[in-house]
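Values in this document were obtained by computation on a predicted structure and should not be read as measured data.
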Amino acid sequence: MLPTTLDEAVSALSAVPAAVPVAGGTDLMADVNSGQLRPAALVGLGRISEIRGWSYQDGYAVLGAGLTHARMGRPDFAALIPALAAAARAAGPPQIRNAGTLGGNIVSASPTGDALPVLAALEATLSIAGPEGSRRELPVSHLLAGMDMLQPSEVVGYVKVPLLHAPQTFLKATSRTGPSRALASVAVVLDPMRRGVRCAVGAVAPMPLRPLEAEQWIASLIDWDGERSLAPEALSAFGEYVAMACIPDPAPEEGQDGAPGAVPQLPPAALHLRRTVATLARRGLGRALA
């Protein structure tokens, strides 16, 4: 089934409840080929032209869910949302970037999805199409955390992102299992209007993590009316703060008579991951403030 509008896609999914929507198919087809998924039918979204571009609305960019990583990586999009463009360029080899879409990255919700920490840091929202022409909005973070899920026949149509007109960065460390698969990733977004720093860490947990206390602490140190620079020591402390929040020390073991016992040590792999996150957060904030 190849609908040409969002409402047609919703109708097709309603008619065949076991059908699965597919855009680029980079994640879905991997599951099919490995035998993990056997869909009764596929509803292709590639011909829905309305979700392959973007528009502007009241200080927001409204991004079509069908935007490919390759399209988001181009200079005109990078001028609009630099961190998301950087994530798109890091999403894998050309064949993946040409096929994979923004909506697919969100709905598949892979922990290593490159766009996800950027969308979490930007506090993006989804516009979802449902039966009988219904539309509803849902924060991306709620979907990724499982607080609110897509209902049967619903399709993600657009992603609404605030245009902050301020520095933002995305950095990624890759794992040994593949040249493009993230070991850890960090998005840092400055919000001068609210005098805030937003940071999201990807790939270290099932969903992007927001170290809110670290954000608030570092924002309080920035001279928002001046040069917005920080000493190297403050940048390093921010990186450590973020890393400890996302990869905390194990809880102390219970000793005799309920007294606190020894504190278990993190395994070497977790310590390496913590150091990686600290480095990415430090560098990401440093580049945003440069």
Exercise for the section: Quick one: do Val155 and Leu13 satisfy side-chain contact (heavy atoms from CB on, under 4.5 Å)? Show the steps, please. Expected result: CA-CA 9 Å; Val155 176; Leu13 291 169; 3.4 Å; yes
Exercise for the section: Check the pair Ile247 / Val201 against side-chain contact (heavy atoms from CB on, under 4.5 Å), numbers first and verdict last. Expected result: CA-CA 11 Å; Ile247 308 170; Val201 178; over 6 Å; no
Problem - Worked check of side-chain contact (heavy atoms from CB on, under 4.5 Å) between Val186 and Phe170 - result: CA-CA 6 Å; Val186 174; Phe170 171 81; over 6 Å; no
Exercise for the section: Apply side-chain contact (heavy atoms from CB on, under 4.5 Å) to Val20 and Val43, showing your working. Expected result: CA-CA 6 Å; Val20 175; Val43 175; over 6 Å; no
Exercise for the section: Verify side chain to side chain donor-acceptor pair (under 3.5 Å) between Thr4 and Arg47, making sure each step is shown before the conclusion. Expected result: CA-CA 5 Å; Thr4 58; Arg47 293 188 179 181; over 6 Å; no
Exercise for the section: Give the C-alpha distance, both sets of side-chain angles, the deciding distance and a yes or no for side chain to side chain donor-acceptor pair (under 3.5 Å) between Ser108 and Ser110. Expected result: CA-CA 6 Å; Ser108 63; Ser110 168; 6.0 Å; no
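Using a 4.5 Å heavy-atom threshold, the side chains of Ile81 and Gln168 count as touching. The shortest distance between side-chain heavy atoms of Leu164 and Leu190 does not fall below 4.5 Å. Within the 4.5 Å cutoff, the side chain of Leu289 has no heavy atoms near those of the Ser229 side chain. Taking 4.5 Å as the limit, some side-chain heavy atom of Met244 sits within range of a side-chain heavy atom of Asp249. Taking the side chain as every heavy atom from C-beta outward, Leu122 and Val118 approach each other to under 4.5 Å. A 4.5 Å side-chain heavy-atom check between Asn105 and His69 finds at least one atom pair inside the cut-off. The shortest side-chain heavy-atom distance between Pro192 and Arg228 falls under the 4.5 Å cut-off.
Nearest heavy-atom pair across Ala219 and Gly196 is CB-CA, 4.2 Å. When every heavy atom of Cys199 is checked against every heavy atom of Pro211, the shortest pair comes out as O-CD, 3.3 Å. Val188 approaches Ala288 most closely through the heavy-atom pair CG1-CB, 4.4 Å. The minimum heavy-atom distance between Val277 and Val204, with the atom names listed, is CG2-CG1, 3.9 Å. The shortest heavy-atom contact between Arg136 and Leu150 is NH2-CA, 4.2 Å. Of all non-hydrogen atoms in Ala173 and Thr276, the two that sit nearest each other are CB-CG2, 3.6 Å.
Heavy-atom neighbours of Glu227 CD from other residues, nucleotides or ligands within 6.0 Å: at or below the threshold of 12. In the displayed structure, Gln265 atom CD is contacted under 6.0 Å by at most 12 heavy atoms of other residues, nucleotides or ligands. By the 6.0 Å contact criterion, CD on Glu50 is enclosed, its count of non-hydrogen atoms from other residues, nucleotides or ligands being greater than 12.
When hydrophobic clusters are built by joining Ile, Leu, Val, Met, Phe, Trp and Tyr residues whose side-chain heavy atoms come closer than 4.5 Å, directly or via intermediates, Ile128 is not grouped with Tyr158. Grouping the Ile, Leu, Val, Met, Phe, Trp and Tyr side chains by contacts below 4.5 angstrom, directly or via other members, places Leu280 with Leu271. Under a hydrophobic clustering in which Ile, Leu, Val, Met, Phe, Trp and Tyr are joined whenever their side-chain heavy atoms come within less than 4.5 Å, directly or via other members, Tyr60 and Val140 fall into different clusters. Under a hydrophobic clustering in which Ile, Leu, Val, Met, Phe, Trp and Tyr are joined whenever their side-chain heavy atoms come within less than 4.5 Å, directly or via other members, Val189 and Leu163 fall into the same cluster. A single hydrophobic cluster is seen to contain both Leu45 and Val16, as judged by linkage of ILVMFWY side chains at heavy-atom distances under 4.5 Å, directly or through other members.
Between Arg274 and Glu240 there is no salt bridge, since none of the side-chain N atoms of the basic residue sits less than 4.0 Å from a carboxylate O of the acidic one. Under 4.0 Å is where a charged nitrogen must lie from a carboxylate oxygen, and between Asp7 and Arg135 at least one such pair does. A salt bridge is absent between Arg198 and Glu215; no separation between the charged side-chain nitrogens and carboxylate oxygens falls under 4.0 Å. The pair Arg97-Asp114 fails the salt-bridge criterion, with no side-chain N (NZ, NE, NH1 or NH2) lying under 4.0 Å from an Asp/Glu carboxylate O.
Phe77 and Trp54 have perpendicular rings, their planes meeting at more than 60° on a 0 to 90° scale where under 30° would count as parallel.
Side-chain atoms of Lys172 come within 3.5 Å of backbone N or O of Ala90 as a donor-acceptor pair. A donor-acceptor pair under 3.5 Å links the side-chain atoms of Arg89 to the main chain of Gly73, judged by distance alone. Side chain of Ser236 to backbone of Glu233: no donor-acceptor contact under 3.5 angstrom is found.
Residue Leu84 holds its CG atom at 6.0 Å from CG of Leu102, rounded to the nearest 0.5 Å. With rounding to the nearest 0.5 angstrom, the CG atom of Leu63 is 12.0 Å from the OG1 atom of Thr101. Here the straight-line distance linking atom CG of Leu230 with atom CZ of Arg282 works out to 13.0 Å at 0.5 Å rounding. The structure places CG of Leu138 at 5.5 Å from CG of Leu126, a figure rounded to the nearest 0.5 Å. The CZ atom of Arg195 sits 8.0 Å away from atom CG of Asp223, with the distance rounded to the nearest 0.5 Å. With rounding to the nearest 0.5 Å, the separation of CD1 in Ile96 from OG1 in Thr68 is 12.0 Å.
For Asp76, the salt bridge (Lys or Arg N to Asp or Glu O under 4.0 Å) criterion is met by Arg71, not counting sequence neighbours.
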